[in-house]
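Since the structure comes first, as C-alpha cells, the remarks are kept for the end.
Atom set for the values below is all heavy atoms of this structure, side chains included, hydrogens, waters and symmetry mates excluded. Numbers restart at 1 for each chain; the letters A, B, ... are given by sequence-line order, proteins then strands.
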Number of protein chains: 2
Amino acid sequence: MSKSTPIPVKAVGVSFEVVSALQQLGVAGVGELATHLETPKSTIHDHLRTLEELELVVNDNGRYRIGTKFLEFGGYARQRMKIYEVARPEIVKLAERTGEHANLMIEEHGQGVFLFKSEGTDAVQLDTYNGYRVPLQTTAMGKAILAHLPEERVRAVLDCHGMPQITDTTITSETELFEELEQIRKQGYARDREERVRGMRCVGAPVLKDGTVLGAISVSGPKSRMQGQRFDTEIPNHVLRTANVIEVNMAYA
Amino acid sequence: MSKSTPIPVKAVGVSFEVVSALQQLGVAGVGELATHLETPKSTIHDHLRTLEELELVVNDNGRYRIGTKFLEFGGYARQRMKIYEVARPEIVKLAERTGEHANLMIEEHGQGVFLFKSEGTDAVQLDTYNGYRVPLQTTAMGKAILAHLPEERVRAVLDCHGMPQITDTTITSETELFEELEQIRKQGYARDREERVRGMRCVGAPVLKDGTVLGAISVSGPKSRMQGQRFDTEIPNHVLRTANVIEVNMAYA
DNA sequence: CCAGGGCGTCCGACGATACCGGACAGGGGC
DNA sequence: GCCCCTGTCCGGTATCGTCGGACGCCCTGG
C-alpha cells in the first residue's frame with residue numbers, strides 16, 4: 001500500500017502514468033501529455049506507440065485516448081468474481097423495486113471500487129462508472145465494509161489514504177468515524193448523508209460470509225426522495241433483504 | 001493492425017503478456033506464468049511486483065489475478081463515448097421489451113467489442129462480458145457494422161484477423177460474406193444463425209450517422225425462442241426502432 | 001521429526017534498451 | 001508564403017530490465 005518502494009520495472013510505470021494522464025485529460029496529443037507529465041515528447045511518443053500497438057490506447061490522427069482493451073481485462077476480472085455473478089441480478093431487481101440507483105462495491109487496496117450499478121427508472125445520471133474508486137469512509141457502502149474489517153486494517157486504510165473532505169458533511173474525524181462504524185454494526189446498515197456528492201443520499205449494507213465482509217450493496221438517490229419514512233425504514237429494508245438474498249446465494253455457490 | 005513492428009518499449013509488452021496470460025489462466029502463480037510464457041521466473045516476478053504496485057494485478061498470497069484497475073480505465077473510456085451514453089438507456093428498454101439480452105457493439109482495431117449488455121428477464125447466461133472481443137463476421141452486430149464500412153476496410157479486416165470457423169454455420173467464405181453484407185444493406189438489419197455460439201441466434205442493426213457506422217445493437221436469445229414470426233419480423237422491428245431512436249438522439253447530442 | 005521438493009522471493013552483474021536531444025515533415029492560420 | 005506548432009523519427013549513452021542462481025518457506029511423505 002506504500003508508494004515509497006521503487007517499482008522493479010520503471011518503463012511499465014511510465015506507460016501507466018501516460019494512461020493515467022489520459023484518464024485525467026480525456027483525449028490529448030503527444031505534446032500535451034509531455035508537458036503534463038514533464039517528460040520529453042519523444043519518450044511519451046515511444047510509450048504511446050507501444051500502447052497503441054497493444055491496443056491499450058487509440059490514436060485518432062494525433063489525438064490519443066484510452067482504448068477498450070482495458071475494458072476487456074477489467075470485464076474479465078469482474079466476470080470471474082463470485083460476488084458479482086451472484087449479486088448482479090439482485091442489484092437489478094433492487095433498482096427496479098426502488099426506482100433508484102442500486103450499486104455493488106468491493107474493497108481493493110484500501111479503496112472502494114464500484115463493481116456494478118443498475119439505473120432505476122427515476123434515477124438521475126451519476127458521476128460513477130464501473131471500476132470507479134472512492135475513499136471508503138465517504139460512502140454508505142464503504143462504511144458498511146469498514147464496519148466489518150478488523151480495526152487495525154481500518155486504521156491502516158486511513159493511514160494510507162487519509163480522510164479528505166469532499167463535501168461539508170464528509171467525515172474527517174477518526175473518532176467520529178469509529179463511533180459511526182459501531183452504530184452501523186448494531187443496526188446492520190449504513191447511511192450516507194451527502195458525504196461524497198451534494199444532494200445525494202445513500203443506504204448501504206454489507207455482504208458477509210462467515211463474519212468476513214465480501215463487499216457491500218446500496219441504493220442511492222437525490223435527497224428529495226431519500227428522506228422521512230422512505231429513508232429511515234423502507235429503503236433500508238429493501239437493501240437488507242437484498243443483501244440477505246445475496247449472502248444466502250453465495251453460501252450455496 | 002500488423003504485429004510485425006517491434007514495439008518501442010519492450011518491457012511494457014512483457015507486462016502486457018503477463019496480464020494476457022492471467023486472462024487465459026484466471027489465477028496463477030509466478031512459476032505457472034513463467035512456464036506458460038517461457039520466461040524466467042525472476043522476470044515474471046519483477047513484472048508482477050510492478051503490476052501489483054500499480055494495482056493492476058492483485059496478489060492473494062502468491063496467487064495472482066487481474067485487478068479492478070483495468071475496469072476503472074476501461075469504464076472511464078466507455079463513459080466518455082457518446083454512443084454508450086445515448087444507447088445505454090435504449091438498450092435497457094430493448095431488453096425489457098423483448099425479454100432477451102440486448103447488446104451494444106463497436107468496432108475497434110478491426111474487431112467487434114461488446115460495450116454494454118442488458119439482461120432480459122428470460123435471458124440465459126452469456127459467455128460475453130464488457131470489452132469482450134469477437135471477429136466481426138461471426139455476429140449479427142459485427143456484420144451490420146461490416147456492411148457499412150468501405151469495402152477496402154472490410155478486406156483489410158479480413159486479411160488481418162482471418163475468417164476462423166467457430167461453429168458449423170460460421171461464414172468462412174469471403175464471397176458468401178460479401179453477398180450477405182449486400183443483403184444486410186438492403187433489409188437494414190443482420191441475422192446470426194448460431195454462427196458464434198451453438199443454440200444462440202441474434203438480430204442486429206447498425207447505428208449510423210451521416211452514412212458512417214458508429215456501432216451496432218442487437219437482441220440475442222436461444223434458438224427455441226428466436227424463430228418464426230418472432231425472429232423474422234417482431235424482433236427485427238424492435239431492434240430497428242431502437243437503432244433509429246439512438247440515431248436521432250445522437251444527432252441532437 | 002526430518003528430508004525433500006515445490007513454491008514465492010531476493011540479489012547482483014552484464015548487456016540490451018529505454019530515454020531523450022535534436023532534427024524533420026506536415027498543416028493550419030495569420 | 002512564412003511561421004509556428006503539431007506529431008514523428010533517429011541514434012548515442014547511461015540506465016535499468018533481464019536472468020541465473022541462491023534463499024527460506026510450507027507442505028508432504030517417509
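- Counting only distance, with no hydrogens or angles, the side chain of S15(A) and the backbone of V12(A) share no donor-acceptor pair below 3.5 Å.
- For dT18(D), neither phosphate oxygen OP1 nor OP2 lies less than 4.0 angstrom from any side-chain nitrogen or oxygen of S42(B).
- For H47(A), the side-chain atoms get nearest to dC19(C) when compared with the rest of dG20(D), dC19(C), dT9(C).
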- Message: side chain to side chain contact (heavy atoms under 4.5 Å, CB included), that's the test. Do V14(A) and V9(B) meet it? Break it down for me.
- Response: CA-CA 10 Å; V14(A) 175; V9(B) 187; over 6 Å; no

Can you name the atoms? Protein N/O to nucleotides 23-25 of chain D N/O, anything below 3.5 Å, with the distance.
none

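- With sequence neighbours excluded, no residue forms a side-chain hydrogen bond (donor to acceptor under 3.5 Å, both in side chains) with E152(A).
- Side-chain atoms of R78(B) come within 3.5 Å of backbone N or O of L115(B) as a donor-acceptor pair.
- Remark: the backbone N or O of I246(A) is not paired with any side-chain donor or acceptor of E90(A) at under 3.5 angstrom.
- Atom CG of N61(A) and atom C1' of dT6(D) are 12 Å apart (whole Å).
- Checked for salt-bridge contact, E72(B) and K69(B) meet the test: a charged N lies under 4.0 Å from a carboxylate O.
- For the segment residues 29-39 of chain B, the set of residues with a heavy atom within less than 4.0 Å of an atom of DNA chain C comprises G29(B), V30(B), G31(B), in numerical order.
- Atom NZ in K10(A) sits about 6 Å away from atom P in dC19(C), given to the nearest Å.
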- Item | Evaluation steps, side chain to side chain contact (heavy atoms under 4.5 Å, CB included), between E180(B) and Q137(B) | CA-CA 10 Å; E180(B) 179 153 353; Q137(B) 72 278 1; over 6 Å; no

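- A close approach under 4.0 Å does occur between a side-chain nitrogen or oxygen of Y64(A) and OP1 or OP2 of dT8(D).
- Counting only N and O atoms by type, the side chains of S218(B) and N103(B) include a donor and acceptor under 3.5 Å apart.
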- Query: For F73(A) and F16(B), what are the C-alpha separation, side-chain angles and deciding distance, and is it a ring pair (Phe, Tyr, Trp, His ring centres under 6.0 Å)?
  - Reply: CA-CA 11 Å; F73(A) 286 132; F16(B) 181 83; 5.7 Å; yes

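- If you measure from atom CD1 of I44(B) to atom P of dC19(D), you get 9 Å, rounded to the nearest angstrom.
- Between the side chain of H45(A) and the backbone N or O of P40(A) there is no donor-acceptor pair closer than 3.5 Å.
- If you check residues 19-26 of chain B against DNA chain D, you find no residue with a heavy atom closer than 4.0 Å.
- Cation-pi geometry between R65(A) and Y76(B) is not met at under 6.0 angstrom from the ring centre and within 45 degrees of the axis.
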Extract from the structure each pairing of a protein N or O with an N or O of nucleotides 12-14 of chain C at less than 3.5 Å, listing the distance.
none

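- Screening K143(B), R133(B), R153(B) for a salt bridge (Lys or Arg N to Asp or Glu O under 4.0 Å) with E107(B), the sole residue that qualifies is R153(B).
- Listed for the T39(A) side chain is a donor-acceptor partner under 3.5 Å among the backbone atoms of L37(A).
- Between E32(A) and R63(A) there is a salt bridge, since at least one side-chain N of the basic residue sits less than 4.0 Å from a carboxylate O of the acidic one.
- In terms of phosphate contacts, R49(B) brings a side-chain nitrogen or oxygen within less than 4.0 Å of OP1 or OP2 of dC10(C).
- Rounding to whole angstrom units, CG of residue L48(B) and P of dT18(D) are separated by 12 Å.
- Taking the charged nitrogens against the carboxylate oxygens, R196(A) and D127(A) do have a contact shorter than 4.0 Å, which makes a salt bridge.
- Note that K117(B) lies outside the cation-pi zone of F114(B), set by a 6.0 Å cut-off to the ring centre and a 45° limit from the axis.
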At a cut-off of 3.5 Å, list every protein nitrogen or oxygen paired with a nitrogen or oxygen from nucleotides 26-30 of chain C, distance to 0.1 Å.
none

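- Rounded to an integer number of Å, the gap from CD of E52(B) to P of dC10(C) is 10 Å.
- Phosphate contact (OP1/OP2 of dT8(D), side-chain N/O of H45(A), threshold under 4.0 Å): present.
- To the nearest angstrom, P of dT18(D) lies 11 Å from CD of E17(B).
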